[in-house]
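On a predicted model such as this, the values are computed, not experimentally measured, just so you know.
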Amino acid sequence: MKKYISIIGPTASGKSALAMNLARTLNGELINCDSVQIYKGFDIGAAKPSPAEIQEIPHHLIDILSGHEDYDARSFARDAEEKIADIRSRNKTPIVVGGTGLYLRALWQDGFHDLPKSSELRETLKDLNTDELRQKLDQLDPERSKEIHGNDRFRLQRAVEIASLLGHSIKDLPPPSSKRTESFVIYLQIDRKTLSARIAQRSQIMLDQGLIDEVKHLLTQGISEKAKPMQSIGYHEVIQYINQVYKKEDLIEKITIATRQYAKRQETLFRKIPKDFIWNQDSSLDDLIQVAKDHLGLNR
RNA sequence: GGCUUCUUAGCUCAGUCGGUAGAGCAGUAGAUUGAAAAUCUACGUGUCCCCAGUUCGAUUCUGGGAGAAGCCA
């Protein structure tokens, strides 16, 4: 018997709308699994649900952090598990919605490690070039080092950080096991062309709704350009525009392209995840609800 | 109307002292020990604007044509 529903799919595929429909009929509550919607004030660019939607159906793990705070997959898994248990205890249906694959993996695995981190160490590692990082990692965790490409300084740096703090190879930790089977997984499938058009349209809407002002407001509030959510799609491009890296008329194109590329990466990641229900244009909501009820044991 | 410059991959352009061509971006596929809306990897045949001439051979040289931009009228 499944404990909760997960709705996954590329960005702009319509996850939120489907989630709302399911929540209405299944007495559900939504748990956000999107690494940007977690943040307060990042509304337009993160395509957050509207206040009306949030009022109608409870949404969890939205607006729980301010822009300069750190979050990670392990924290998400812990928070989401707590919410799932809480929602179930009230005899409602938890529905996890979002496109952040790493967070989903964390939630779906038992023994997903709470790896150490240190912002101080991170600062010092930032000054090293990739060769120096590689040398360090070869010393600290040669096995892990083999897995990371020389140009992937993001992973090299984090791997050095982990190995240093851990004091041993990350490979010595017990491997996590899957508990994905606890979730009824719905995948939103949408053809590339349609998605591409939707993304372009949504980018325009974001700008029309005042994405630039939202970014300026966040900056005024003291959120750094370098803050994590400011690196995300839409925000990063607006910052570039503000810094005159490119022109206003190019902004829509930049955001659209970055979003499409992200959607493509999501599809690659989700391709290998087993799904319980593929939702596409021909799907019927009644069918989905029936299948979901069966899996969740909601028929009586 | 005259002069000048340009016309090469979906886009912006490089290049070939004559032997049919390559970068960036876009696109496609992939990775993901977890900072992930991040980060990284692989993949490059296209009437080299058209027609004719010279040549063993022209995208490259010559002539003509078409289109674009700038300057002068």
Side-chain angles (χ1 to χ4, degrees), chain A residues 10-12 15 32-39 42 44-48 65 68-78 98-109 111-119 121-123 125-126 130 133-134 137 141 143-163 165-166 168-177 192-193 196 199-200 202-203 206 211 226-239 246 250 253-273:
Chain A
T11 189
K15 295 187 290 291
N32 166 55
C33 177
D34 179 300
S35 61
V36 182
Q37 292 190 15
I38 294 267
Y39 288 99
F42 292 75
I44 297 170
K48 255 181 217 163
L65 297 176
H68 52 79
E69 288 181 281
D70 255 352
Y71 200 64
D72 54 55
R74 174 68 202 141
S75 305
F76 169 79
R78 191 186 49 235
T100 301
L102 181 62
Y103 287 8
L104 290 167
R105 196 193 308 163
L107 176 63
W108 290 342
Q109 285 183 343
F112 192 88
H113 308 294
D114 200 354
L115 295 174
K117 57 182 172 186
S118 155
S119 41
L121 182 56
R122 208 168 278 185
E123 274 304 308
L125 293 177
K126 216 157 55 176
T130 50
L133 285 169
R134 168 70 75 196
L137 190 58
D141 192 343
E143 207 179 337
R144 175 64 183 137
S145 187
K146 281 181 212 141
E147 296 174 341
I148 304 176
H149 192 276
N151 292 341
D152 197 349
R153 82 156 284 131
F154 190 84
R155 283 201 172 74
L156 279 175
Q157 193 181 318
R158 177 62 177 142
V160 170
E161 181 187 344
I162 289 168
L165 296 169
L166 227 46
H168 61 257
S169 170
I170 193 167
K171 300 291 178 188
D172 296 338
L173 297 170
S177 61
R192 201 53 77 71
K193 269 209 163 124
S196 188
I199 287 171
R202 198 181 68 172
S203 302
M206 284 178 178
L211 180 59
K226 301 214 160 73
K228 195 165 68 146
M230 281 294 192
Q231 309 296 320
S232 63
I233 295 165
Y235 296 95
H236 178 250
E237 284 72 18
V238 170
I239 297 272
Y246 36 70
D250 296 333
E253 184 73 3
K254 298 283 184 188
I255 294 174
T256 301
I257 287 169
T259 309
R260 283 177 185 155
Q261 292 172 334
Y262 172 51
K264 194 180 170 317
R265 271 178 271 133
Q266 287 177 304
E267 286 180 340
T268 299
L269 191 66
F270 292 148
R271 208 161 278 160
K272 59 187 178 186
I273 292 175

**Ile233(A) side-chain proximity, nearest of A38(B), A26(B), U32(B)** = A38(B)
**Request:** Could you tell me whether the side chain of Asp141(A) reaches within less than 4.5 Å of the side chain of Leu166(A), counting heavy atoms only?
**Result:** no
**Asked** Which word best sums up how the rings of Phe76(A) and Tyr103(A) line up, parallel for under 30°, tilted for 30 to 60°, or perpendicular for over 60°?
**Response** parallel
**Request:** Please state how far atom CG in Asp152(A) lies from atom C1' in A42(B), giving the value in whole angstrom units.
**Result:** 14 Å
**Message:** Which nucleotide wins on minimum distance to the side chain of Ile162(A), given the candidates U33(B), A38(B), C40(B)?
**Reply:** U33(B)
**Message:** Let's test this: given Watson-Crick or G-U wobble pairing with both distances under 3.5 Å, identify the partner of U41(B).
**Reply:** A29(B)
**Item:** Inter-nucleotide C1' distance (C48(B), U33(B)), Å rounded
**Value:** 49 Å
**Item:** Step-by-step side-chain contact (heavy atoms from CB on, under 4.5 Å) determination, Arg192(A) to Lys264(A)
**Value:** CA-CA 9 Å; Arg192(A) 201 53 77 71; Lys264(A) 194 180 170 317; 3.8 Å; yes
**Request:** Output the single nucleotide from A31(B), G30(B), U33(B) whose closest atom is nearest the side chain of Lys272(A).
**Result:** A31(B)
**G44(B) and G15(B), which share atom name C1', separated by this distance in whole Å** = 15 Å
**Request:** Starting from P on U41(B), measure out to CZ on Arg153(A) and report it in whole angstrom.
**Result:** 13 Å
**Complete:** Rounded to whole Å, CD of Glu147(A) lies from P of U32(B) at a distance of 9 Å
**Message:** Measure OH/Tyr262(A) against P/U39(B) and give the value in whole Å, please.
**Reply:** 13 Å
**Message:** Under 4.0 Å, heavy atoms only, any strand: does Leu173(A) hit a base, just the sugar-phosphate, or nothing?
**Reply:** nothing
**Request:** Assign Arg265(A) to base, sugar-phosphate, or nothing according to its heavy-atom contacts below 4.0 angstrom with the strands shown.
**Result:** base
**Prompt:** Short question: side chain of Ser203(A), backbone of Ile199(A) - any donor-acceptor pair under 3.5 Å?
**Reply:** yes
**Asked** Is there a Watson-Crick or G-U wobble partner for A14(B) with both distances under 3.5 Å, and which nucleotide is it?
**Response** none
**Message:** Once you apply a heavy-atom cut-off of 4.0 Å, does Gln157(A) come out as touching a base, just sugar-phosphate, or nothing?
**Reply:** base
**Basic-acidic side-chain contact under 4.0 Å: Glu147(A), Arg144(A)** = yes
**Asked** Do Arg202(A) and Thr11(A) get their side chains close enough for a donor-acceptor pair, meaning under 3.5 Å?
**Response** yes
**Message:** Without decimals, in angstroms, what is the distance between Trp108(A) CH2 and U33(B) P?
**Reply:** 17 Å
**Request:** To the nearest Å, give me how far apart CG (Asp72(A)) and P (A38(B)) are.
**Result:** 18 Å
**Prompt:** Under 4.0 angstrom, heavy atoms only, what part of the nucleic acid is Phe112(A) near: base, sugar-phosphate, or nothing?
**Reply:** base
**Item:** Side chain of Arg192(A) - closest among C40(B), U28(B), U33(B)
**Value:** U28(B)
**Asked** Toward the 5' end of RNA chain B, which comes first, Thr11(A) or Leu102(A), by nearest nucleotide?
**Response** Leu102(A)
**Request:** Remember a base hit wins even if backbone is also touched, and classify Lys264(A) as base, sugar-phosphate or nothing at under 4.0 Å, heavy atoms.
**Result:** base
**Request:** Could you work out the separation of U47(B) and U32(B) based on their C1' atoms and round it to a whole Å?
**Result:** 43 Å
**Request:** State, without any angle test, whether Gln266(A) and Tyr262(A) hold a side-chain donor-acceptor pair at a distance under 3.5 Å.
**Result:** yes
**Message:** Between G18(B) and C11(B), how far apart are the two C1' atoms, rounded to whole Å?
**Reply:** 29 Å
**Protein-nucleotide distance (Ile273(A), atom CD1; G30(B), atom P), rounded to Å** = 13 Å
**Item:** Closest nucleotide among U41(B), G27(B), U33(B) to the Gln261(A) side chain
**Value:** G27(B)
**Request:** Look through every strand shown and name the nucleotide pairing with U54(B) as Watson-Crick or G-U wobble, where both distances are under 3.5 Å.
**Result:** none
**Separation of the C1' atoms in G46(B) and U39(B), to the nearest angstrom** = 33 Å
**Request:** Whole angstrom is fine here: how far is it from NZ in Lys254(A) over to C1' in C11(B)?
**Result:** 12 Å
**Asked** If only side-chain N and O atoms of Asn151(A) are considered, is one of them under 4.0 Å from the OP1 or OP2 phosphate oxygen of U41(B)?
**Response** yes
**Prompt:** Does the base of A38(B) carry an N or O that pairs as donor and acceptor with the side chain of Arg155(A) under 3.5 Å?
**Reply:** yes
**Item:** Complement of U47(B), any strand, by Watson-Crick or G-U distances under 3.5 angstrom
**Value:** none
**Fill in**
Applying the 3.5 Å cut-off to both distances, the Watson-Crick or G-U partner of G67(B) turns out to be C6(B)
**Item:** U55(B) and A68(B), which share atom name C1', separated by this distance in whole Å
**Value:** 31 Å
**Item:** Arg260(A) side chain, from C-beta outward: closest of A31(B), C40(B), G27(B)
**Value:** G27(B)
**Message:** Once you apply a heavy-atom cut-off of 4.0 Å, does Gly234(A) come out as touching a base, just sugar-phosphate, or nothing?
**Reply:** nothing
**Message:** Students often get this wrong, so: under 4.0 angstrom with heavy atoms, is Ala46(A) touching a base, only sugar-phosphate, or nothing?
**Reply:** base
**Asked** Any chance the side chains of Ser196(A) and Arg260(A) put a donor and an acceptor closer than 3.5 Å?
**Response** yes
**Request:** Could you walk me through whether Ser118(A) and Leu165(A) pass the side-chain contact (heavy atoms from CB on, under 4.5 Å) test, one step at a time?
**Result:** CA-CA 8 Å; Ser118(A) 155; Leu165(A) 296 169; 3.9 Å; yes
**Prompt:** A42(B) and C25(B): how far apart are their P atoms, nearest whole angstrom?
**Reply:** 12 Å
**U20(B) pairs with, by Watson-Crick or G-U criteria that keep both distances under 3.5 Å** = none
**Complete:** Of U33(B), U41(B), G30(B), the nucleotide closest to the side chain of Arg144(A) is U33(B)
**Prompt:** Where each residue is assigned the nucleotide of RNA chain B containing its nearest heavy atom, which of Arg122(A) and Gln231(A) is assigned the position nearer the 5′ end?
**Reply:** Arg122(A)
**Message:** What's Asp34(A) touching, base or sugar-phosphate or nothing? Going by heavy atoms closer than 4.0 Å.
**Reply:** base
**Message:** Roughly how many Å apart are A14(B) and A38(B), using the C1' atom of each and rounding to a whole number?
**Reply:** 33 Å
